[in-house]
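Below is one structure, written out as structure tokens; the observations come after it.
Source: prediction; values computed, not measured. Residues: numbered from 1 along the sequence shown.
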Amino acid sequence: MMSDRVLGGVGLALAAFYAWAATIIPEPFSSDAIGPDGFPIILAIVLAISSLYFVLKPDPDPQWPALNRLAELGFALLVMFAYAQVLPVFGFVFSTIIITTYLTWRLGAGPMTSILNGIGTSIGLFVIFELLFGLSLADGPLGF
């Protein structure tokens with residue numbers, strides 16, 4: 001019960017920090033209607049609402065995962081940090097294929113299914129964000 005409230009408190013603090021950090025993003029000369037801080041603030045609001053749920057309605061008997069599962073979650077978190085580091089080097093498409101393939105494999109999909117999922121997710125997100133929404137994604141060595 002207490003661990004849920006601690007998690008909710010940490011989430012609220014993170015949401016507040018994220019919202020504040022979004023407000024200090026410099027406004028470019030040419031910007032869209034929502035501005036550079038719009039999407040991060042929406043994410044901060046979703047995180048705050050989710051965290052409030054944990055604070056106000058904690059699980060009466062939370063079940064913590066075994067130590068090996070916690071280590072696996074920690075490693076997945078490290079992989080996501082590595083993704084942010086290699087994104088400018090390899091570009092959006094290749095980096096997203098790699099991380100999506102790894103994460104779906106760790107979630108229980110077979111190797112071939114994970115590879116196909118990684119390719120499909122990466123290309124699908126590229127089409128949605130780059131081609132439909134016109135957002136600029138990290139270019140890799142091949143220009144995408």
Shortest non-hydrogen contact from L103 toward M80: CD1-CG, 4.5 Å
Non-hydrogen atoms of I24 and A21 that approach each other most closely: CG1-O, 3.1 Å
Going by side-chain contact (heavy atoms from CB on, under 4.5 Å), name the residues that satisfy it together with [X], two or more places apart in sequence or in a different chain.
| X | value |
| --- | --- |
| V46 | S50 |
| V79 | F75, I99, Y102 |
| L52 | L12 |
| Y18 | P40, L43, A44 |

Please report the interatomic distance [atom1]([X]) to [atom2]([Y]), rounded to the nearest 0.5 Å.
| X | Y | atom1 | atom2 | result |
| --- | --- | --- | --- | --- |
| D4 | L56 | CG | CG | 11.5 Å |
| L87 | Q85 | CG | CD | 9.5 Å |
| T100 | L116 | OG1 | CG | 12.5 Å |
| I123 | I97 | CD1 | CD1 | 6.0 Å |

D139 side-chain N/O to G91 backbone N/O, donor-acceptor pair under 3.5 Å: no
ILVMFWY clustering at 4.5 Å (side-chain atoms), partners of L14: L47
Co-members of the apolar cluster containing I45 [side chain, <4.5 Å]: I41, I49
For the hydrophobic clusters of this structure (ILVMFWY residues joined by side-chain heavy atoms under 4.5 Å, transitively), does one cluster hold both [X] and [Y]?
| X | Y | result |
| --- | --- | --- |
| I98 | L78 | no |
| L125 | I119 | yes |
| L73 | L77 | no |

Sequence neighbours excluded, every pair satisfying salt bridge (charged side-chain N to carboxylate O under 4.0 Å, His left out) that has a member inside residues 124-133: none
Can you pull out every side-chain hydrogen bond (donor to acceptor under 3.5 Å, both in side chains) where at least one residue sits in [range]? Sequence neighbours excluded, please.
| range | answer |
| --- | --- |
| residues 88-98 | Y83-T96 |
| residues 115-128 | N117-T121 |
| residues 6-16 | none |

Show which side-chain atoms of residues 105-114 pair as donor or acceptor with protein atoms under 3.5 Å away, not counting sequence neighbours.
unit_1, atom_1, unit_2, atom_2, d
R106, NE, E72, OE2, 3.0
R106, NH2, E72, OE1, 3.3
R106, NH2, E72, OE2, 2.7
S114, OG, T104, OG1, 3.4
S114, OG, W105, N, 3.1
S114, OG, G110, O, 2.9

Results of ring pair (Phe, Tyr, Trp, His ring centres under 6.0 Å) for F81 - residues two or more places apart only: none
